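Computation of the quantities below employed the complete heavy-atom set of this structure, encompassing side-chain atoms and omitting hydrogens, waters and symmetry-equivalent molecules. It should be emphasised that the depicted structure is a prediction, and the values quoted were computed from it without experimental measurement.
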Amino acid sequence: MNKDIPAVQMRDIRKVFGKVVANDGVNLDIYRGEILSLLGENGSGKTTLMNMLSGIYYPDGGQIYIDGEPVLIKSPKEAFDHGIGMIHQHFKLVDVFTAAENIVLGLKEEGKLDLKKAAAKINQICSTYGFDVDPNQKVYNMSVSQKQTVEIVKVLYRGADILILDEPTAVLTPQETEKLFKVMRNMKYDGKAIVIITHKLHEVEEISDKVAILRKGQFIGQLITKETNAQEMTNMMVGHEVALNIERPEPVDPRPRVRIEGLTVRSSDGVLKLDDVSFYVCQGEILGIAGISGCGQKELLEAIAGLQPIESGTIEYIEDDGSKENLVGKDPLEIAAKGVSLSFVPEDRLGMGLVGSMDLTDNMMLRSFRKGRSVFTDRKTPRKLAEKVVEELEVSTAGINTPVSKLSGGNVQKVLVGREIASSPTVLLSAYAVRGLDINSSYTIYDLINKQKENGVAVVYVGEDLDVLLELCDRILVLCDGQVSGIVDGREADKNSIGMMMTRLGGDA
Amino acid sequence: MHISKRGDISRKQAWAIRIGAILIALIICGIVTTLTTGLDPLGVYGTMFNGAFGSERKIWVLFKELSLLLVVSLGLTPAFKMKFWNLGGEGQIMIGALTTAAIMIYLGNTLPGPILMLLMLIGAVGAGAIWAMIPAFFKARWNTNETLFTLMMNYVAIQLTAYFIIIWEVPKGSGKVGIINQSSMSGWLPVIAHKQYLLVIVMAVIVTAAMHVYLKYSKHGYEISVVGESQNTARYVGIKVDKVIIRTLILSGGICGLVGWMMVSGTDHTITTTLSGGMGFLGVMVAWLAQFNPVAMVLSSLLLAFLSRGASEISAIYQLNHSFGDIITGIIIFFIIGSEFFINYKINIGKKDAEEDRKEGSDNV
């Protein structure tokens, strides 16, 4: 095949959802034997663009060429016929099936189903590119990284030679990411065209040959990775200069505020989620929590906030005068009634922290609606709070009567954080506070959290980006399978050792 | 061809689509009428209209039916807003009616009028409330499926009614209760301003206003919205979800029970197993069509009451099976509900439309 003709050319692509223009005038060239990074902030239209290539959406305008020929891609099946395969952020696997069964699922091959033959073919693909898959392993026994590998093999098994990976590293540890990059390079040398969607700059620099940048649905430019740098790419992505550093003021007078001893939590179906977790968090410091997603972070915060029944252990709140309050077995109202001012920014903003269909005022009211003896609600105070939050945190919204589900991710988060810090808490729990946020909003949130720290709040910050955790937090607690793998000093720790601790208790090889 | 979501649509356009849908429905009903019965469709529509608005008496009956249906819908609304699918309206009405009838039969002519009336009222509301509270308790406690549970409770209530009708039947062997306390009118809702149904209509107005205020301005109403949207958020801010579910269903069932009382004491003065006549289900549609807005429910219940009165009129005048009226009603409602799809989505056919969209889109930008 001619290497000079791009495997895929997208020309002047446009996609509109209602009034929202998701993509407009986007041009993209994907060559065989190359890895292209598709870089852009959340909501910039990266996934939409790739969904059009993989047949999930149909473009409203523009033309797609495969190997120079104009094509219409109307369904994922037609995309496969053109050799295009996409690995989505959320895996589409049947848990009770084995890897091999999942891989052949939906294929209409002649003759009887021959899993042995399939397994042989899978093993052959694995040895070619360096994958590590056991065809007979059930999916529910697999780690996230293994599931992702199955997804990639599934696409290759079907003969795809144009691969799209949608934020594949978001769920991986640094070590797993390294492994993934290795097989990506093997696939590249084999002549496959690869697109990786990401917003992590160091990954762009590490893995890709070229980088295409989108901003607000518009195509900004395509660069050779070697000839650019993080600052230039950020500026293109955001549209103006951004300072890429996070402050870390020294904690002032850190005294333990919350002390947790031997906390054990089981989920409703009896799975051990937290196992004998002990630590403390001081006022005026940020305690980071690192770990592969689903290692008990959610349960830990919810247990402290009074939303998770616990099996054993103690959670003590320590007042300024040294008196102690046990929070175990109390619901959020009872905790507040004890005079403990605890704020919680949960992971699932619209599913737990806010009500999507309600406007800003009504969402501000969630915390305060019980106040007063009247049977009627007081909307004046929350309206003022909503106005204040909109102004101070620069929430971009049509007005305070807009349902929060219509706001962008960053603005939703500002509304939630704004409400939670309005009650001047002494403890602030936050889970994935910047997930899905663009760079600007992320830095606003870091600033807000730092400000709380300076005000003497004890902050617990569950994060997924190790680079940020290392820049922001005073101490970092690493969770591994519901156990404390270690607690390290944020100023001295390095990414690699934390990565090791995430996968293995104590981090020893 | 592909379907895409519309952006915001102007009120005018939305109503144009709705009215267009009704016109198309009327045309299709006309074709169906001519093909199946050979009647002149315009004549049939005229008869329908006459059946609903033809005389002063007919208008009073229409408004009575509207009121009863409206109160049922208002009763279901808080439960539905909480995403608790209370399909037990029928049973809650029946059990309220049964309790009212029992008090009228056993205590009528023995207690002073006002005390009897109060007792009937409390009995009917209480019975409806208990009937709804049972599935609510199981839902709150063990997360049972409320749809099936409330549906099953309907059958229990109807069979209980059938049982008591045999005990109370007058004369023996007729299988009917007949008019209760016909001579003494004990336990009958008083007639005000010489209009038999006026008091029932006034009560419906009061319940509408009260429900509107309750849902929109009270703390309970706010809790219902939060629980309906997200139980996790409710728990997160310390709302006791179980308590809210049970409390709301007591209210929901109580209002449905109230309808049973309004019918036995106020309008029918008797009880049959078909007394509720599907209102518990029709109320779901009324509430949904009005998107759970109590004031808009006045309009949607008017529409359904009109269709039902009109349908019985055509069956009577043209001596058609009652099902024919139901077919016409069904077609009209189908189109009205279907029009909501076209308000939210649009269908693009072929490449050309996409190009046009594009032009439209760029105009908007």
Subject >> Short side-chain to backbone donor-acceptor contact, Ser300(B) and Val286(B), under 3.5 Å >> reply: yes

Original post:
Can you say whether Lys240(B) sits under 4.5 Å from chain A via the side chain, the backbone, both, or neither, judging by heavy atoms?
Top reply: side chain

**OP:** Identify the residues of residues 223-233 of chain B whose heavy atoms come closer than 4.5 Å to a heavy atom of chain A, ordered by number, or report 'none'.
**Re:** Glu223(B), Ser225(B), Val226(B), Glu229(B), Ser230(B), Asn232(B), Thr233(B)

Original post:
If you count the non-hydrogen atoms of other residues, nucleotides and ligands that lie under 6.0 Å from CZ in Phe341(B), is the total more than 12?
Top reply: yes

Original post:
Would you find a donor on one side and an acceptor on the other, under 3.5 Å apart, between the side chain of Gln63(A) and the backbone of Val71(A)?
Top reply: yes

Subject >> Lys139(B) NZ: over 12 foreign heavy atoms closer than 6.0 Å >> reply: yes

**OP:** Answer yes or no: does atom NZ of Lys216(A) have more than 12 heavy-atom neighbours from other residues, nucleotides or ligands under 6.0 Å?
**Re:** no

Subject >> No-hydrogen, no-angle side-chain donor-acceptor test under 3.5 Å, Thr402(A) and Asp359(A) >> reply: no

Original post:
Aromatic rings Tyr214(B) and His220(B): how do their planes relate, parallel, tilted or perpendicular, breaks at 30° and 60°?
Top reply: perpendicular

Original post:
So does Phe281(B) have more than 12 non-hydrogen atoms from other groups sitting under 6.0 Å from CZ?
Top reply: yes

Original post:
Which of parallel (below 30°), tilted (30 to 60°) and perpendicular (above 60°) describes Phe80(B) and Trp288(B)?
Top reply: perpendicular

Original post:
Do Thr48(A) and Asn23(A) have a side chain donor and acceptor closer than 3.5 Å?
Top reply: no

**OP:** Residue by residue, scan residues 365-384 of chain A and write down, ordered by number, those that have a heavy-atom distance under 4.5 Å to chain B; if none do, write 'none'.
**Re:** Met365(A), Leu366(A), Arg367(A), Phe369(A), Arg370(A), Lys371(A), Gly372(A), Arg373(A), Ser374(A), Val375(A), Phe376(A), Thr377(A), Arg379(A)

Original post:
Got a donor-acceptor contact below 3.5 angstrom from the Ser301(B) side chain to the Met297(B) backbone?
Top reply: yes

Subject >> residues 328-342 of chain A: residues contacting chain B (heavy atom under 4.5 Å, by number) >> reply: Asp331(A), Pro332(A), Leu333(A)

Subject >> Neighbours of chain A found in residues 15-23 of chain B - heavy atoms under 4.5 Å >> reply: none

**OP:** Of all the heavy-atom pairs spanning Leu249(B) and Ala136(B), show the shortest one and how long it is.
**Re:** CB-CB, 3.5 Å

Original post:
Distance-only, no hydrogens or angles: does the Ser405(A) side chain make a donor-acceptor pair with backbone N or O of Gly356(A) under 3.5 Å?
Top reply: yes

Original post:
For residues Thr426(A) and Tyr317(A), is any side-chain donor paired with an opposing acceptor at under 3.5 Å?
Top reply: yes

Subject >> Lys/Arg N to Asp/Glu carboxylate O, Arg14(A) vs Asp24(A), below 4.0 Å >> reply: yes

Original post:
When you measure from the side chain of Arg419(A) to the backbone N and O of Asn363(A), does any donor-acceptor pair fall under 3.5 Å?
Top reply: yes

Original post:
Is the backbone of Asp362(A) close enough, under 3.5 Å, to the side chain of Tyr222(B) for a donor and an acceptor to pair up by distance?
Top reply: yes

